[in-house]
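What follows is one structure encoded as structure tokens, with my remarks underneath.
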Amino acid sequence: QVQLVESGGDLVQAGGSLRLSCAASGRTFSAYNMAWFRQGPGKEREFVAAVSRNSRNTYYADSVKGRFTISRDNAKSTVYLQMSSLKPGDTAVYYCAADNGLILRVGVTFYAYWGHGTQVTVSS
């Protein structure tokens with residue numbers, strides 16, 4: 001099993017930046033592709049970004065492409081989400097998740113392990 005703990009959520013003004021972190025413990029972190037999802041008020045959980053085990057591949061939702069950057073540090077068992085040019089529409093609880101699949105995947109159901117989330121609120 002993998003335990004995931006997110007941090008870094010905050011209240012920020014539109015146009016601002018924020019970096020989220022997700023620390024993993026348990027099984028070997030480098031064995032998993034990692035992703036960030038988010039769930040806004042009254043919305044379903046949606047894919048934000050994913051990074052492969054060795055950081056060679058990343059994939060982003062169109063809504064965040066060019067504004068968010070996902071990265072990981074396997075030595076620290078941590079995955080990051082650098083968010084910039086934030087918009088009120090980015091307001092959500094952000095979750096990190098781990099998947100042992102062979103390729104990067106965007107579906108919620110593919111990810112077996114989840115953190116409890118961190119709140120990001122963007123004010124206009």
Let me confirm one number: the OG-CG distance from Ser30 to Asn54, rounded to the nearest 0.5 Å. 9.5 Å
Minimum heavy-atom separation for Ile103 to Asn33, with atom names? O-ND2, 3.4 Å
Minimum heavy-atom distance between Leu18 and Asp10, given as atom pair plus value: CD2-N, 3.8 Å
Please work out whether the ring planes of Phe68 and Tyr94 are parallel, tilted or perpendicular, with thresholds of 30° and 60°. tilted
Tell me, please, whether Tyr80 has Arg72 positioned over its six-membered ring: NZ or CZ under 6.0 Å from the ring centre and within 45 degrees of its axis? no
Side-chain donor-acceptor pair under 3.5 Å between Gln82 and Ser84, yes or no? no
Check whether any side-chain heavy atom of Val108 lies under 4.5 Å from a side-chain heavy atom of Trp114, and answer yes or no. yes
Shared hydrophobic cluster, Tyr111 / Ile70 (ILVMFWY, side-chain heavy atoms < 4.5 Å): no
Looking only at atom types and distance, does a side-chain atom of Ser63 sit under 3.5 Å from a main-chain N or O of Ala61, one as donor and one as acceptor? no
Take atom OH in Tyr60; do more than 12 heavy atoms of anything else shown fall under 6.0 Å from it? yes
Please give me the minimum heavy-atom distance between Ser21 and Trp36, naming the atom from each residue. O-CH2, 3.7 Å
So, the side chain of Asp99 versus the backbone of Ala112: is there a donor-acceptor pair under 3.5 Å, distance only? no
Do Arg53 and Leu104 come close enough that some side-chain heavy atom pair is under 4.5 Å? no
Quick one: do Phe110 and Tyr32 end up in the same hydrophobic cluster if we chain Ile, Leu, Val, Met, Phe, Trp and Tyr together by side-chain heavy atoms under 4.5 Å apart? no
Donor-acceptor under 3.5 Å (Glu46 side chain, Gln39 main chain): no
Would you find a donor on one side and an acceptor on the other, under 3.5 Å apart, between the side chain of Arg67 and the backbone of Ser85? yes
The reported gap from SG in Cys96 to CD in Glu6 (rounded to nearest 0.5 angstrom) is 4.0 Å
Rounded at 0.5 Å granularity, tell me how far NE2 in His116 sits from CD in Gln3. 9.5 Å
Hey, does the side chain of Ser52 reach the backbone of Asn57 with a donor-acceptor pair shorter than 3.5 angstrom? yes
Would you give the length of the straight line joining atom CG of Leu81 to atom OG1 of Thr118, rounded to the nearest 0.5 angstrom? 11.0 Å
Show your working on side chain to side chain contact (heavy atoms under 4.5 Å, CB included) between Met83 and Val120 and close with a plain yes or no. CA-CA 10 Å; Met83 305 185 292; Val120 172; 3.9 Å; yes
Mind checking the CG-OG1 spacing from Leu86 to Thr121? Nearest 0.5 Å is all I need. 11.0 Å
Is a salt bridge present between Lys65 and Asp62, judged by a nitrogen-to-oxygen distance below 4.0 Å? yes
Over all heavy atoms of both residues, which pair between Leu4 and Ala97 is shortest? Give the atoms and the distance, please. CD1-CA, 3.8 Å
Is the NZ or CZ atom of Arg45 positioned over Tyr95's six-membered ring, under 6.0 angstrom from the centre and within 45° of the axis? yes
Return the minimal non-hydrogen interatomic distance between Val106 and Phe47, and the atom names on each side. O-CB, 3.5 Å
Using modelled atom types and a 3.5 Å cut-off, is there a donor and acceptor pairing between side-chain atoms of Arg105 and backbone atoms of Ala50? no
Which heavy atom in Ser71 sits nearest to a heavy atom in Val79, and how many Å separate them? O-CG2, 3.1 Å
If hydrophobic clusters are built from ILVMFWY residues whose side chains come within less than 4.5 Å, do Val48 and Tyr59 share one? no
Non-hydrogen side-chain atoms of Thr78 and Met34 separated by less than 4.5 Å: no
